Amino acid sequence: MAVTEIKIGKITQVIYNNESNGFAICLFETEDEQFKISGMFHAINPEITYKLEGNFKIHPRYGEQFNVSAYEEQLPDDAEGIRVFLASGAIRGIGPNMAKRIVDKFGKDALDIIEENPEALLSINGLGPKTVEKIAKSYKESREFTKISLGLGGYGIQPAQAVKIYKLYGDKSLEVVTENPYTLVEDIYGISFNKADEIADRIGIEAESEFRIQSGIKYALSVFSNSGSTYVPKDILLESAIKLLDISSELIEENLTTLAFAGEIELDSLDGVPVVYQHFFYQAEQSVTYHIKRIMNGYMPPLAADPDNLINAAEAEERIQLSGDQRKAIRAALTNKITIITGGPGTGKTTVINLIVRIFKQMGISVALAAPTGRAAKRITETSGVEAMTIHRLLEYVYSEDENEMEFGRNAENPLEEDSFIVDEASMIDLMLMDGFLSALEDDSRLIIVGDADQLPSVGAGNVLLDMINSDYVPTIRLEEIFRQASESRIVVNAHSINSGEYPETGGRDSDFFFMHRRGEEEIRETIEELVTGRLESYYDFVKGNGDIQVLTPTRKGGLGTASLNEMLQSIINPASEELNERKFGSKVFREGDKVMQIRNNYQMEWQQLGRQSGRGIFNGDMGVINTIDNDNAKVVVDFDGRFVTYDSEELDELELAYAVTVHKSQGCEFPVVIMPISGFPPMLATRNLLYTAITRGKKLVILVGSEERMHRMIDNNRIDERYTGLEARLREVDMGGLL
Ligand SMILES: Nc1ncnc2c1ncn2[C@@H]1O[C@H](COP(=O)(O)OP(=O)(O)OP(=O)(O)O)[C@@H](O)[C@H]1O
């Protein structure tokens with residue numbers, strides 16, 4: 001075995017640094033030698049002296065380098081060293097000038113003063129109590145973090161994650177992790193159960209410890225909820241928990257009971273099948289059921305005129321002849337407490353919404369129009385002429401510092417004041433949002449839910465729209481006729497064909513939907529490349545730049561997955577240039593000007609509108625453009641439609657390039673041009689309703705590139721994403737006795 005050597009010196013050059021895991025290769029200089037080192041570092045500061053432990057190895061390609069197995073930071077102990085260290089920006093509140101003044105006054109005791117007696121700094125000109133407090137805090141944190149990060153590193157925790165852990169638990173970080181590393185799975189984005197298991201193993205936590213089993217159960221449940229389920233049948237949960245934990249089913253059952261007693265999970269049965277819920281989904285599902293029944297049975301303020309007369313008058317004013325189904329839909333909205341109106345593209349949903357709003361207004365019934373995403377709300381405002389807002393905004397969503405979670409300002413105690421509510425794009429509303437929304441409605445509110453039930457269900461857990469429709473509890477009107485204007489669009493007509501299992505017509509030069517036959521991954525990629533490099537722009541005047549073009553794909557992996565397509569599209573659309581700063585994160589490179597997407601809900605993330613308001617919350621699927629990359633401070637600023645958000649470098653795992661996005665993430669968005677590869681995707685992904693969702697995202701042009709035969713197989717594959725959701729069954733139990 002190689003002998004461990006100790007080296008003391010400074011890092012003079014960073015050759016490679018992967019910020020996502022902290023791995024770095026650097027040039028290192030001791031008093032008498034210079035060599036390459038490689039290892040994991042939580043942060044690299046050229047002003048700090050490092051004491052390294054490790055040994056020399058010969059790398060087959062890069063020659064001799066010193067592999068660092070552990071290191072310590074050694075702060076300078078001479079006055080000049082301290083001045084340089086303080087001037088390096090390592091401590092907030094101290095710049096080069098102040099560093100000089102502090103060292104001039106305290107000499108080599110400066111660091112001890114900052115640590116032990118910071119009030120003494122007040123004697124320096126230009127330092128007030130606030131700055132001194134900031135300096136003392138920053139110094140303490142930086143020392144503390146160094147220690148903690150080294151400790152965490154010993155358990156295999158990478159620096160980027162150590163930063164997140166320290167931000168959350170502060171000086172308690174090591175305690176929390178060593179006592180129960182499984183808490184990290186819930187608290188820290190990016191730490192999986194398997195990672196926590198690895199850490200636990202290093203700490204020496206038993207495989208049969210309660211922490212491990214309970215965390216494993218919760219993790220197994222969350223795997224299902226991440227793909228949309230609100231519960232899991234108990235048998236299926238046991239099977240996956242046994243596989244994950246490799247322990248007996250008795251032990252798992254025992255811990256299920258403990259978790260149920262602690263109120264973290266709920267054991268219930270649906271249609272006679274034992275099921276397991278995470279507590280908050282259970283509560284939300286019960287609550288949505290309760291509120292639907294409450295509102296349906298609430299007082300219905302009478303209409304001041306006969307509904308048919310009102311509809312006739314509105315029809316005449318709008319100079320429109322409603323179809324039978326449209327008339328039924330409006331009638332239902334006027335005479336029911338809750339109405340669902342569903343239909344595909346071009347079936348006249350927006351027209352129906354407009355007429356309902358007009359009639360309500362004439363009757364003096366106030367109305368709020370809302371949609372689950374900002375983009376959808378903007379589109380509705382544009383097409384209907386009535387101001388629509390996001391459901392979050394309607395509910396006055398705020399982030400609560402105390403609770404460290406999102407909160408709705410409008411709720412049961414402070415309900416919404418309008419008489420009626422119309423929500424569009426309802427297929428995207430998940431269970432938790434629907435719960436927040438319904439809780440804020442009064443008994444006598446009217447509610448009209450509009451959407452396309454054939455779209456992919458919401459990203460978040462639940463299948464709210466379809467469950468409500470299938471329960472037969474809420475009156476539902478289906479719009480099926482495609483109107484003349486809409487029927488001139490092949491996109492619309494083909495979307496309907498696909499939805500009913502027929503193969504679409506392809507081709508036609510002036511069509512807005514066409515298929516480019518290409519064989520194999522390489523040919524498909526080349527064609528996509530050609531299309532985005534100006535070919536479409538020169539042919540269609542509505543394509544103003546490649547920002548109007550969106551590539552959608554079913555998958556993240558492989559040559560036609562988002563990761564690989566994004567790399568290709570980035571190099572064509574926004575290539576490397578001296579003027580554009582960039583920042584590496586793992587295998588990704590972010591560059592100024594890149595189109596990006598946020599990939600998880602982050603309720604705390606702050607945004608700022610230039611010179612206007614600020615707020616919190618950036619959500620899964622939000623798209624933006626990288627405005628600035630500041631490598632000195634390790635920050636990336638993204639512009640989400642005028643809301644600017646600053647990401648610290650360890651938060652970059654929440655961002656992805658978005659030249660190509662998955663169809664799932666594109667829900668609710670519309671783009672002038674959609675391009676989608678069609679190839680041999682796994683059958684789980686190659687489904688009819690995924691193709692339907694992708695096509696209906698395109699407004700002016702949809703281009704499919706690949707094999708028509710594969711597209712036919714997709715249309716034949718009518719497997720609907722299976723989600724376990726209980727709302728339908730709960731709504732079917734009409735008994736109100738126990739609920740009201
Ligand atoms: N009763 C009608 N008579 C004639 N044209 C109609 C009628 N209803 C709607 N249309 C027209 O049909 C087209 C589609 O209608 P609308 O935009 O309301 O549908 P939609 O379901 O909201 O469509 P999408 O979901 O694609 O936005 C529009 O051009 C609209 O003017």
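Both ligands and their constituent atoms are indexed starting at 1 by order of listing. What you see is a predicted model; the values in this text were computed from it and never measured.
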Residue part near ligand 1, for Val492, under 4.0 Å between non-hydrogen atoms: neither
Heavy-atom nearest neighbour in the protein, as seen from atom 31 (O) of ligand 1, with distance rounded to 0.1 Å: Gln485 OE1, 3.8 Å
Heavy atoms from other residues, nucleotides or ligands near CZ of Arg478 exceed 12 (cutoff 6.0 Å): no
Identity and distance of the protein heavy atom lying nearest atom 13 (C) of ligand 1: Ala486 CB, 4.1 Å
Ligand-side contact atoms (ligand 1) for residue partner Gln326, heavy atom cut-off under 4.0 Å: 1 (N), 2 (C), 8 (N), 9 (C)
Whether Gly346 lies under 4.0 Å from ligand 1, heavy atom: yes
Nearest-contact summary for atom 18 (O) of ligand 1 - protein heavy atom, Å: Thr351 OG1, 2.6 Å
Identity and distance of the protein heavy atom lying nearest atom 22 (O) of ligand 1: Thr350 OG1, 2.4 Å
Nearest neighbour in protein (non-hydrogen) for atom 15 (O) of ligand 1: Gly348 CA, 3.5 Å
Arg379: numbered ligand 1 atoms lying under 4.0 Å from its heavy atoms: 27 (O)
Lys700 charged N/C atom sitting above Phe671 aromatic ring, 6.0 Å / 45°: no
Proximal ligand 1 atoms for Gly344, defined as those under 4.0 Å from one of its heavy atoms: 21 (O)
Ligand-residue contact atoms, ligand 1 with Lys349, heavy atoms, under 4.0 Å: 18 (O), 19 (O), 20 (P), 21 (O), 22 (O), 25 (O)
Atoms of ligand 1, numbered as shown, that sit under 4.0 Å from any heavy atom of Gln321: 1 (N), 2 (C), 3 (N)
Where ligand 1 meets Pro345 - atom numbers and elements under 4.0 angstrom, heavy-atom basis: 25 (O), 26 (O)
Any N/O pair Phe483/ligand 1 closer than 3.5 Å: no
Side-chain donor-acceptor pair present, Thr696, Gln455, cut-off under 3.5 Å: yes
Stepwise side chain to side chain contact (heavy atoms under 4.5 Å, CB included) test for Ile528 and Val551: CA-CA 8 Å; Ile528 294 177; Val551 177; 4.1 Å; yes
Glu529 with Arg525: basic N within carboxylate O range, under 4.0 Å: no
Side-chain donor-acceptor pair present, Asp435, Ser287, cut-off under 3.5 Å: yes
Test side chain to side chain contact (heavy atoms under 4.5 Å, CB included) applied to Asp308 and Arg327, step by step: CA-CA 9 Å; Asp308 289 312; Arg327 178 171 278 274; 4.1 Å; yes
Derivation and outcome, side chain to side chain contact (heavy atoms under 4.5 Å, CB included), residues Thr230 and Met432: CA-CA 10 Å; Thr230 57; Met432 301 310 280; over 6 Å; no
Greater than 12 external heavy atoms within 6.0 Å of Arg393's CZ: no
Criterion side chain to side chain contact (heavy atoms under 4.5 Å, CB included) on Met714 and Asn717, from CA distance to verdict: CA-CA 5 Å; Met714 267 178 109; Asn717 180 0; 5.7 Å; no
For Leu322, atoms of ligand 1 separated by under 4.0 Å from a heavy atom: 1 (N)
